Amino acid sequence: MNLYEAVYARKSVRSFAQDVVSAKVLDGIKKFYQEVEGLFTGIETDLVIVDKRKDNKSGIGLASVRAPYYLALYTTEQEKCMMNAGYIMQQMVLYLCSHGLGSCYVGMKVMKPSMRKKNDKSLVCLVAFGKSKGGYTRKISEAKRLELKELCVYKEKPRLWMNQLLEAGRLAPSSMNSQPWRFVVYDNRIHVFSKRHKSNQLGKYTELNFGILFSNMMAVAEELWLDVDLIRLEGISQKTFPNSQYVLSVILRA
C-alpha cells in the first residue's frame, strides 16, 4: 500500500496491541519525516516518537486511546503553523497506514506539561500509533462522512481527477468528525471554504483540520501526476456558503 491508497483505506484505530514496533520501522518513520515537505515555507517543526511502554519516561499521562507509541509534532508558533502541522502530520499518518500500523489523532492534554515544549517549539499535534488489535483499514462505504453532494456546489461539470481529489478531501479525518470543509467546484479548480460550527470547542484546531484535508488531496494529486497549486485568491465570494470563510483554492496548472 502507498500513501495514495492509504488516503482511501485508512481508518482511525482506538484499540492497539502493546507489541513492540521494530527499530527498523521506527527508523523508517524518522527518515520519512525528514523527506516530508510542509505546506508553507519558513515554519520549523520537530517530530518526536514517544514510547509509552517506558511509563516513567514517556511523558504521556492517562489517555482515552491507549497505544504503545505516539508521534508528537512541535512547531514554531507563527501564522498558519497549525495548518502546516496538520499537513505534515497527515502525511505521517498515511505513511503509518501504508506500513501496516494503525493510528489515531488524540488530544494533546494527555501529554504532560513538561513535554509540551521542545526548545523554541510548541506541541501542536499528537497521534497514537502501533499495531492494531483489529483492522487498520476500511472500505470507503464504511467511512462515517458526509456525501459529496452535501459538501459541494458544482459550478461546472468536474473532470474525473477532480472527483478523486474531492473524495480524498471528503475522507479526511477532522476534530470531533466536524468535517468543516465545503467546496465550490469548477472544471479546473476547487475553492475551499470553512463552515462555522455552533461549537466553539474546535478553535485553532480548525486550521489543523484543513492542513489534514490538503495533505489528503495533494497525496492524490501526486499519485495522478497532477500539477496542482494551493493558492489563496482575492475576491472569492462567500455567498455560495453563508456563514463560512474562504480558505484556499486547489488549482490545476494549464
Side-chain angles (χ1 to χ4, degrees), residues 3 29-50 59-60 70-96 103-129 168-169 172-176 178-182 190-197 199-219 221-222 228-236 238 244-251:
L3 268 62
I29 294 170
K30 295 174 185 175
K31 289 177 181 177
F32 179 76
Y33 166 71
Q34 295 300 325
E35 299 171 358
V36 166
E37 293 185 3
L39 184 55
F40 303 104
T41 59
I43 302 177
E44 296 182 5
T45 63
D46 279 325
L47 185 78
V48 175
I49 297 177
V50 182
I60 300 287
Y70 294 79
L71 290 181
L73 186 66
Y74 297 81
T75 181
T76 51
E77 295 189 57
Q78 55 197 98
E79 187 178 4
K80 300 299 182 185
C81 68
M82 293 295 289
M83 192 179 295
N84 190 67
Y87 188 82
I88 291 173
M89 189 61 101
Q90 181 64 5
Q91 291 178 69
M92 301 306 305
V93 162
L94 295 175
Y95 177 85
L96 293 172
S103 64
C104 180
Y105 286 91
V106 295
M108 293 181 296
K109 290 183 179 179
V110 303
M111 185 73 91
K112 294 178 181 177
S114 61
M115 298 289 289
R116 295 179 193 170
K117 284 282 187 180
K118 188 175 185 291
N119 299 323
D120 61 336
K121 300 178 182 68
S122 300
L123 177 68
V124 291
C125 194
L126 192 64
V127 165
F129 78 95
S174 56
S175 305
M176 301 167 61
S178 56
Q179 304 168 70
W181 29 76
R182 296 294 183 271
I190 305 168
H191 299 315
V192 182
F193 290 79
S194 173
K195 179 179 174 61
R196 293 191 179 95
H197 280 258
S199 170
N200 61 4
Q201 297 178 30
L202 301 180
K204 62 182 179 181
Y205 296 110
T206 295
E207 272 202 6
L208 187 83
N209 291 332
F210 277 89
I212 293 170
L213 168 84
F214 292 128
S215 189
N216 260 23
M217 297 176 88
M218 293 303 283
E222 182 175 347
V228 170
D229 281 331
L230 297 175
I231 300 174
R232 183 172 177 83
L233 302 173
E234 298 298 327
I236 299 296
Q238 314 286 117
S244 65
Q245 183 176 355
Y246 171 62
V247 181
L248 286 176
S249 295
V250 182
I251 299 177

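The structure displayed is predicted, hence computed values, not measured ones.
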Peer 1: Between T206, V247, N209, which is the residue that forms a side chain to side chain contact (heavy atoms under 4.5 Å, CB included) with W181?
Peer 2: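 Answer to the side chain to side chain contact (heavy atoms under 4.5 Å, CB included) test with W181 among T206, V247, N209: N209.
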Peer 1: What distance separates L71 CG from L96 CG, expressed to the nearest 0.5 Å?
Peer 2: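 CG of L96 is found 5.5 Å from CG of L71.
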Peer 1: Quick one: does S174's side chain have a donor or acceptor within less than 3.5 Å of a partner on Q179's backbone?
Peer 2: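 Indeed, once roles are kept as given, a pair shorter than 3.5 Å links the two residues.
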Peer 1: For R116 and E77, run salt bridge (charged side-chain N to carboxylate O under 4.0 Å, His left out): C-alpha distance rounded to whole Å, both residues' side-chain angles, the deciding distance at 0.1 Å, then the answer.
Peer 2: CA-CA 13 Å; R116 295 179 193 170; E77 295 189 57; over 6 Å; no
Peer 1: List the atom of L94, the atom of A219, and the distance in Å for their closest heavy-atom pair.
Peer 2: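 It is CD1-CB, 4.2 Å.
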Peer 1: Working note: L47 + K30, criterion side-chain contact (heavy atoms from CB on, under 4.5 Å); need CA distance, chi angles, decisive distance, verdict.
Peer 2: CA-CA 8 Å; L47 185 78; K30 295 174 185 175; over 6 Å; no
Peer 1: What distance separates M83 CE from E207 CD, expressed to the nearest 0.5 Å?
Peer 2: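 Interatomic distance, M83 CE to E207 CD, rounded to 0.5 Å: 4.5 Å.
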Peer 1: Is it the case that more than 12 heavy atoms not belonging to E79 sit under 6.0 Å from its CD atom?
Peer 2: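 Atom CD in E79 is not packed in, count stays at 12 or less.
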Peer 1: If only atom types and distance count, is the side chain of N216 paired as donor or acceptor with the main-chain N or O of A168 below 3.5 Å?
Peer 2: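 Yes: the side chain of N216 pairs with the backbone of A168.
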Peer 1: Hey, does the side chain of N84 reach the backbone of L39 with a donor-acceptor pair shorter than 3.5 angstrom?
Peer 2: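 Between the backbone of L39 and the side chain of N84 there is a qualifying donor-acceptor contact (under 3.5 Å).
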Peer 1: So, for F214 and Y87, is the gap between ring centers shorter than 6.0 Å?
Peer 2: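 Not under 6.0 Å, so no.
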Peer 1: Under the criterion side chain to side chain contact (heavy atoms under 4.5 Å, CB included), which of Q91, M89, Q90 is the partner of I212?
Peer 2: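 Only one of Q91, M89, Q90 forms a side chain to side chain contact (heavy atoms under 4.5 Å, CB included) with I212, namely Q90.
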Peer 1: Walk me through it: do M92 and V127 pass the test side-chain contact (heavy atoms from CB on, under 4.5 Å)?
Peer 2: CA-CA 9 Å; M92 301 306 305; V127 165; over 6 Å; no
Peer 1: Apply the side chain to side chain contact (heavy atoms under 4.5 Å, CB included) test between V228 and each candidate in E222, M217, M218; give the one that qualifies.
Peer 2: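 Only match with V228 under side chain to side chain contact (heavy atoms under 4.5 Å, CB included): M218.
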Peer 1: What closest approach, in Å, do A85 and V124 show between heavy atoms, and which atom pair accounts for it?
Peer 2: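 Smallest heavy-atom distance, with atoms named: CB-CG2, 3.6 Å.
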Peer 1: Go through V36 and Y95 one step at a time and tell me if the side-chain contact (heavy atoms from CB on, under 4.5 Å) criterion holds.
Peer 2: CA-CA 11 Å; V36 166; Y95 177 85; over 6 Å; no
Peer 1: With rounding to the nearest 0.5 angstrom, report the CG to CZ distance, L230 to F40.
Peer 2: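 Output value for this atom pair is 8.0 Å.
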Peer 1: Which atom names give the shortest non-hydrogen contact between C81 and T75, and what distance separates them?
Peer 2: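 Looks like CB-OG1, 3.8 Å.
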Peer 1: Which distance, rounded to the nearest 0.5 Å, do you find between the CZ of F210 and the CG of L248?
Peer 2: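 One gets 9.0 Å once the value is rounded to the nearest 0.5 Å.
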Peer 1: Is there a side-chain contact between R182 and S244, using heavy atoms and a 4.5 Å cut-off?
Peer 2: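 Answer no - side chains too far apart.
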Peer 1: Could you pull out the closest heavy-atom pair between G86 and L208, with the gap in Å?
Peer 2: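 In terms of heavy atoms, the two residues are closest at N-CD1, 3.4 Å.
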Peer 1: Test H191 against L233 for side-chain contact (heavy atoms from CB on, under 4.5 Å), laying out the working first.
Peer 2: CA-CA 9 Å; H191 299 315; L233 302 173; 3.7 Å; yes
Peer 1: Could you tell me which non-hydrogen atom of G38 sits nearest to which non-hydrogen atom of I88, and how far apart they are?
Peer 2: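 Looks like CA-CG1, 3.9 Å.
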Peer 1: Can Y246 and S194 be counted as having a side-chain donor-acceptor contact under 3.5 angstrom?
Peer 2: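 Short answer, no.
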Peer 1: So that I can tick it off, tell me whether E44 and K118 are bridged by a salt bridge, with the cut-off set at under 4.0 angstrom between side-chain N and carboxylate O.
Peer 2: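 Salt bridge flag = no for E44 with K118.
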Peer 1: Hey, what do you get for SG (C125) to OH (Y74), rounding to the nearest 0.5 Å?
Peer 2: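 One gets 12.0 Å once the value is rounded to the nearest 0.5 Å.
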Peer 1: What is the distance from atom CD1 of I231 to atom CD1 of I251, rounded to the nearest 0.5 Å?
Peer 2: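 Result: 4.5 Å between the selected atoms.
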Peer 1: Do L123 and K117 come close enough that some side-chain heavy atom pair is under 4.5 Å?
Peer 2: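 Not in contact.
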Peer 1: So, T45 versus K121: side-chain donor-acceptor pair below 3.5 Å or not?
Peer 2: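 No, no side-chain donor-acceptor contact under 3.5 Å.
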Peer 1: Is any side-chain heavy atom of I49 closer than 4.5 Å to one of Y70?
Peer 2: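 They are not in contact (no side-chain heavy atoms under 4.5 Å apart), so the answer is no.
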Peer 1: Does a side-chain heavy-atom distance below 4.5 Å link V50 with V48?
Peer 2: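 V50 vs V48: side chains touch.
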